[in-house]
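Written below as structure tokens is the structure these notes are about.
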There are 2 protein chains.
Amino acid sequence: MPTTHTEKERSELHRRVGERLSEDDHRYTTSRQRLVDALADSTRPLTLPDITKIAPDLAASSVYRNLEMLERAGVVRRINSGGNHAHFELAEPLISHHHHLVCTDCGGITDIHLKDELEQTLVEALNAIAQTHGFKPQDHNLDLHGACALCNEHKPA
Amino acid sequence: MPTTHTEKERSELHRRVGERLSEDDHRYTTSRQRLVDALADSTRPLTLPDITKIAPDLAASSVYRNLEMLERAGVVRRINSGGNHAHFELAEPLISHHHHLVCTDCGGITDIHLKDELEQTLVEALNAIAQTHGFKPQDHNLDLHGACALCNEHKPA
DNA sequence: AGTGCTTCTGATAATGATTATCATTCTATA
DNA sequence: TATAGAATGATAATCATTATCAGAAGCACT
């Protein structure tokens with residue numbers, strides 16, 4: 001469980017999510033907790049098939065419905081970086097800010113972190129640009145596209 | 001025609017694309033030239049409906065097929081950042097490197113540019129990170145998500 | 001300007017991830 | 001423990017994108 005390590009952190013996570021949901025009159029059911037656990041247990045964003053593999057008894061339709069609800073509640077972030085399936089991860093206030101290595105071959109995603117100083121410079125620059133466009137910034141998204149180590153091996157050409 | 005301004009630049013663009021396609025035994029047909037023109041005429045990435053509006057006589061199936069072929073040829077870049085439709089723009093060697101403002105409300109995309117110095121710092125940092133993962137970097141992708149000026153007006157809440 | 005060969009095109013059907021529907025089951029609270 | 005609001009799972013519907021296929025160009029060579 002890389003993103004949230006200790007048991008204390010995990011239950012704190014659930015407490016926060018539960019609180020958030022109850023504000024919208026949503027219940028933090030076992031299915032939803034398991035969904036959040038699956039996302040928290042992973043170092044990388046998961047697809048629907050990933051989730052089904054982890055929790056085969058959860059109905060796909062329910063998983064999609066719950067992911068959508070959790071996204072609206074600001075608990076989950078959806079990532080559409082190509083591939084057949086969308087990827088899902090816990091949203092920013094719940095996990096640390098990071099970026100992604102996206103494999104253009106297999107569609108896999110790996111989390112990466114920028115140095116704080118660079119990150120901050122970047123955010124300031126983006127906000128300045130946004131302002132000149134009358135654009136109200138929410139968050140940003142930085143992907144490095146390329147070939148992951150595994151795909152490099154398979155296709156040494 | 002913002003991205004490629006003068007007639008000279010435009011014909012140079014077509015020359016380059018045509019050359020690229022002939023390397024793969026593909027013809028640079030009128031339909032394909034019109035596709036490239038549509039993309040070059042726009043300041044922002046276009047969706048299939050956008051293209052259909054510009055050139056209503058091009059069959060959707062052909063447009064998709066040609067966009068896919070042009071993408072494989074390195075002429076077009078596909079962007080999957082949300083919204084129902086994928087967005088398409090000319091690929092990097094043909095237009096200047098830039099990033100995007102993505103409206104989470106209407107799905108619209110606007111091109112933005114980072115200062116050269118910051119851009120370079122960013123690229124170096126990303127390459128360094130990639131190396132530690134055995135990841136072979138190709139290009140990167142930076143989006144600022146938020147609400148565009150138009151959507152801010154419509155929803156002043 | 002005709003033949004053969006390959007590539008393009010457009011219409012249409014197929015695919016497949018995601019969403020909507022709906023009847024049923026659960027849960028919190030009275 | 002009755003009830004009203006939510007949640008679930010099975011299923012069907014949606015809809016952007018892809019695949020298919022028959023006919024139309026385009027090119028090379030004669």
Side-chain angles (χ1 to χ4, degrees), chain A residues 14 17-38 45-73 75-89 106-107 109, chain B residues 14 17-36 38 45-73 75-89 106-109:
Chain A
H14 284 307
V17 173
E19 194 171 298
R20 184 66 257 289
L21 292 194
S22 72
E23 288 171 17
D24 295 358
D25 291 314
H26 286 136
R27 295 172 189 158
Y28 196 28
T29 60
T30 311
S31 313
R32 291 170 180 172
Q33 289 174 36
R34 289 177 59 199
L35 209 43
V36 168
D37 272 324
L46 301 177
T47 63
L48 197 275
D50 291 335
I51 293 168
T52 298
K53 204 170 297 172
I54 295 171
D57 56 314
L58 298 182
S61 62
S62 296
V63 172
Y64 273 122
R65 193 187 322 105
N66 283 331
L67 285 171
E68 186 193 335
M69 184 276 277
L70 289 167
E71 188 187 15
R72 275 201 303 266
V75 173
V76 159
R77 189 164 95 90
R78 181 195 195 123
I79 305 168
N80 296 316
S81 34
N84 300 333
H85 295 268
H87 291 252
F88 299 90
E89 65 182 8
C106 69
I109 300 185
Chain B
H14 283 308
V17 173
E19 195 171 297
R20 186 65 256 289
L21 292 195
S22 71
E23 289 170 18
D24 294 359
D25 291 313
H26 286 136
R27 297 173 187 156
Y28 196 29
T29 60
T30 310
S31 312
R32 290 169 181 174
Q33 290 175 34
R34 289 176 62 198
L35 210 43
V36 169
L46 300 177
T47 63
L48 198 275
D50 290 336
I51 293 169
T52 298
K53 205 170 296 171
I54 296 171
D57 55 316
L58 297 183
S61 62
S62 296
V63 171
Y64 272 122
R65 192 186 325 106
N66 284 330
L67 285 171
E68 187 192 335
M69 186 275 279
L70 290 167
E71 188 187 17
R72 275 200 304 266
V75 173
V76 158
R77 189 164 95 90
R78 182 194 193 122
I79 305 167
N80 295 317
S81 34
N84 300 334
H85 296 268
H87 290 251
F88 300 90
E89 66 182 8
C106 69
I109 300 186

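Atoms considered below: every heavy atom in the structure, side chains included; atoms not considered: hydrogens, waters and symmetry mates. Residue numbers start from 1 in every chain, and the chains themselves are labelled A, B, ... in the order their sequence lines are given, proteins ahead of strands.
- Every side-chain hydrogen bond (donor to acceptor under 3.5 Å, both in side chains) that B:Arg20 has, sequence neighbours left out, goes to B:Glu23, B:Asp24.
- Under the rule for a side-chain hydrogen bond (donor to acceptor under 3.5 Å, both in side chains), A:Asp25 has no partner lying at least two apart in sequence or in another chain.
- A heavy-atom distance below 4.0 Å to DNA chain C is reached by these residues of residues 27-36 of chain B, ordered by number: B:Arg27, B:Thr29, B:Ser31, B:Arg32.
- Put simply, CZ on A:Phe88 and CG on A:Leu70 are 10.0 Å apart, with the number rounded to the nearest 0.5 Å.
- Shown for residues 59-68 of chain A: residues whose heavy atoms fall under 4.0 angstrom of DNA chain D, namely A:Ala59, A:Ser61, A:Ser62, A:Arg65, A:Asn66.
- End-to-end axis angle for the helix from C:dA1-D:dT30 to C:dA30-D:dT1, using five pairs per end and rounding to 10°, comes out at 30°.
- When side chains are defined from C-beta on, B:Arg78 does not count as touching B:Leu67, because their heavy atoms never get closer than 4.5 Å.
- Qualifying side-chain contact (heavy atoms from CB on, under 4.5 Å) partners for A:Thr47, counting only residues two or more places apart in sequence or in other chains: A:Pro49, A:Asp50, A:His85, A:His87.
- Side-chain contact between B:Val76 and B:Val36: absent, with no pair of heavy atoms (C-beta onward) separated by less than 4.5 Å.
- The nucleotide range of DNA chain D contacted by chain A, defined by atoms under 4.0 angstrom from heavy atoms of the protein and reported 5' to 3', is D:dG5 to D:dT11.
- Put simply, NE2 on A:His26 is 17 Å from P on C:dT27, counting in whole angstrom units.
- Taking A:Arg72 as the reference, A:Glu68 meet the side-chain hydrogen bond (donor to acceptor under 3.5 Å, both in side chains) condition, with sequence neighbours excluded.
- The nearest whole Å value for the distance from the CG atom in A:Leu21 to the P atom in C:dA28 is 14 Å.
- The interatomic distance linking A:His85 (NE2) with C:dT19 (C1') rounds to 15 Å, in whole Å.
- The side-chain contact (heavy atoms from CB on, under 4.5 Å) test applied to A:Asn84 returns no partner, not counting sequence neighbours.
- Residues B:Ala38 and B:Leu46 share a closest heavy-atom pair of O-CD1, 3.6 Å.
- Every pair passing ring pair (Phe, Tyr, Trp, His ring centres under 6.0 Å) that includes a residue from residues 17-36 of chain A is listed here, sequence neighbours excluded: A:His14-A:Tyr28.
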Hey, can you pull the donor-acceptor pairs under 3.5 Å for the side chains in residues 57-64 of chain B, sequence neighbours left out?
residue : atom : partner : partner atom : Å
B:Asp57 : OD1  : B:Arg34 : NH2          : 2.8
B:Asp57 : OD2  : B:Arg34 : NH1          : 2.9

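- For B:Arg65, there are no side-chain hydrogen bond (donor to acceptor under 3.5 Å, both in side chains) partners two or more places apart in sequence or in a different chain.
- The distance from atom CG of B:Asp24 to atom C1' of C:dT7 is 13 Å, rounded to the nearest whole Å.
- The nearest whole Å value for the distance from the CZ atom in A:Phe88 to the P atom in C:dA17 is 13 Å.
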